[in-house]
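We name chains A, B, ... by the order of the sequence lines, and we start the count at 1 in each one.
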Amino acid sequence: MEEIIISTLQRTMIAGTPLLLATTGEIICERSGILNLGVEGVMAVGAVVAFMVTMTTGLPWLGVLAAVAAGMTLSVIHAVAAITLQANQVVSGLALTMLGLGLSGMLGKPYVGKPLTLKMNDIAIPYLSDLPYIGKILFFQSPFFYLAIFLALGAWFLLERTRLGIQIRSTGENPRATETQGVNVFLIRYLCVITGGGFSALAGAHLSISYSKSWIEGMTAGRGWIAIALTIFALWNPGRAIWAAFLFGGIFVVQYLMQPLGISPNFLSMLPYIATLVILLLISLKDPKRLNAPAMLSAPYNRGER
Amino acid sequence: MKDICKSFHGIHANKDINLYVRSGEILGLLGENGAGKTTLMNILYGLYQPDSGQIEINGSPIRISNPVESITHGIGMVHQHFMLIQNHSVLENIALGYKDTPFFSPKKKLRKQVEEFSKQFDFKMDLDQRVWQLSAGEQQRIEIIKALLNGADLLILDEPTSVLTPLEIKELISILRQMKADGHMIIFISHKLDEIMDICDRVTVLQKGRVVGHADTADTNKKALARMMVGRDVVFNIDREKLEPGKKVLSVQEIHVTGDKGMPAVRGVSFELFENEIFGIAGVAGNGQRELAEAITGIRKIDSGSVRMNDKDITNKSPRHIYDNGVSHVPEERIRFGIAPGLFLYDNAILKQHHLKKFSKRYFLKYSQVKNHTKTIISDFKVATHSINNQIRNLSGGNIQKLILGREISEQPRLLVASHPTYGLDVGATQFLREHLLALRKQGSSVLLFSEDLEEIFELCDRVAVIFAGEFMGILKSDDEKLCDIGLMMAGSKGF
């Protein structure tokens, strides 16, 4: 029994890692007022690029860098459409998802089913990993796990404790007022969208070279959409995103555990979305002001308009 | 500022404006709505670029191409609509605007500075409160602190008192006096004469984008300023036929209406309207005109009082019920409230009449009749469009307004409520619409006309009421001599 619990929690951490990475990116992006529904597609491209580069060069970290670069480049499309051209962000984001999924399927065709022989080894943190129970769960994990937590904490610090963070959040709340204070609203939004894309691709890289160590088309399996739900669930706060992402990761793992017990996997895969709805409902009933969504989320900003 | 010119779409907002401020002085900038006050100040603050002209500080010319540059030149501005992030705390808002905010932990490091600063001016403020929790007066103080922290020598206040309660205004005035004593310069934009006389040392009056006068407040009086601001001898259009008013059409008794912010917007207004009459309501924007128009047409709830149309009570009835009783409405903000921009012309032509028998049968519209009706409106009202199968958003403002007017008066209403019907239109369209209002009057209907354009009021109206802060300052006949001082009434003096 003890074994099962520990291994379940271990796998929870692994399953939560890509969710946390993608959610952190989406939070940064949405805090600047741009809704990016392209997470799923960018994640898929990140996964395939990381796999291809790692496979050919044998350098997993180069694969990760290539994936992040690809994700950022792809996000520029959304940034141009949403910020410069002031297009509908829902449409542009959905287009990005479709583009990314298609592109990844095409690029990855020759690699389907090939296993990745070199591994990105798990890192054991000295001393801490020897702690009973917790050691194995929290301190003997893939480097992505530590990176995800570090980046989420970093994003929280950036948004809440730096000048740039105030500028980003102000841009999402009221771009016009922000601009009169001498902030380049367009630059801030571009930076946030592109950074968010890098995070999504990083999540994808984790899937293909650390989590499953192989590539199949559609391997992102809706994780990008869950990240968007998580962004709301975490109330646009990267700190809250940490435990939220691992909670959702847990739901993923529980799916596999419950299946032998005769509970429909379809029901379980609904759980993350139901949980988001319930939480939103509870918060809205209690105190709508706490919902905290950036006021100008998904509203294009037009400088000249009076 | 020397010879400043600025035009939007070929219309001069500022023309050859010269202005100066001395240190330790409060300059009042007086003018009606649309006189170009805000445009001029936005140029000074770097939000707009002047088409020509020059800005000098201490005799040396400078170029201000964005707000950051104006801040470094020591210019601060408190906008009429506060530039604050509602969801953020006071401290975060100050950190956003402050030029030397440190990158890391900006809030912690700024807190002390701001606290000392607000003590100096005796501001009491909780820096961790969110802006939306604060009153308008407190929000304004944040803006002032923001400007002063950035080292502003010249503070521009754009209509600072329009959102304040009388107590807050008193506090603001004492803050401004203290700043003046410290050697700051202040430009105070307003159209309220009392405040200008009270606070300012000197006043410059703008009218239609030009400077029409300077005065020291010590050697002028309200009456002279009011005439300067309105700036024209009141001449009535003699073309207007003399018509005897007929039967009573509308009677409004002591109505009270609440505005969007939960404050009373209309306070005890009463008047009556007769056939063959155009009744004008003059006043500076935001004094309850919109709420009054909406209350009469059924869009806004009336708290107390009654509205009767042909002796039938229509108080708080549905807009359609009121329409069916012969009240038409040409709303302000025509794009937002007058049309459905994405629909075709013929859809828009029956937005209010679709339920009439001649346009619909059970659940279906009779499109051939609808289209014929639209064509009639288009030819009668000279709407320039290549087709009625055209989205109405493709039309110009003037043509949209012609179509709206056509729609509203095609069913021969007993009363037309028209809010700023010619606002933003060119001369030709304006003249055309005014002629139609006069024609409607001749046919025995009555018109309730809301306008900020005094020329329009004088040209069209048989009687004029002046509204200020939700109350009528008086109702004058068109041949009343007191009309010369209508500017004074618009600034809040009751019939004297």
- Which pair of heavy atoms, one from Ala177(A) and one from Ile85(B), lies closest together, and at what distance? CB-CD1, 4.3 Å
- Query: Which of the residues Thr180(A), Leu158(A), Val183(A), Thr178(A) is involved in the greatest number of heavy-atom pairs with chain B at under 4.5 angstrom?
  - Reply: Thr180(A)
- Task: From the options Arg169(A), Arg163(A), Arg161(A), select the one residue that forms a salt bridge (charged side-chain N to carboxylate O under 4.0 Å, His left out) with Glu92(B).
- Result: Arg169(A)
- Looking at Asn150(B), Asn93(B), Leu96(B), which has the largest count of heavy-atom pairs under 4.5 Å with chain A? Leu96(B)
- Task: Report yes if some heavy atom in the side chain of Ser170(A) is under 4.5 Å from a heavy atom in the side chain of His88(B); otherwise report no.
- Result: yes
- Counting only heavy atoms closer than 4.5 Å, note whether Lys108(B) contacts chain A via side chain, backbone, both or neither. neither
- Message: Contact between Gln86(B) and Glu173(A) at the side-chain level, heavy atoms closer than 4.5 Å - yes or no?
- Response: no
- Message: Let me confirm one number: the OG1-CZ distance from Thr162(A) to Phe103(B), rounded to the nearest 0.5 Å.
- Response: 4.5 Å
- Item | Closest non-hydrogen atom pair between Gly182(A) and Val68(B), with its separation | CA-CG2, 3.3 Å
- Given a strict heavy-atom distance threshold of 4.5 Å, which part of Phe82(B) is in contact with chain A: side chain, backbone, both, or neither? neither
- Query: Do the side chains of Gln181(A) and Lys146(B) get nearer than 4.5 Å, heavy atoms only?
  - Reply: yes
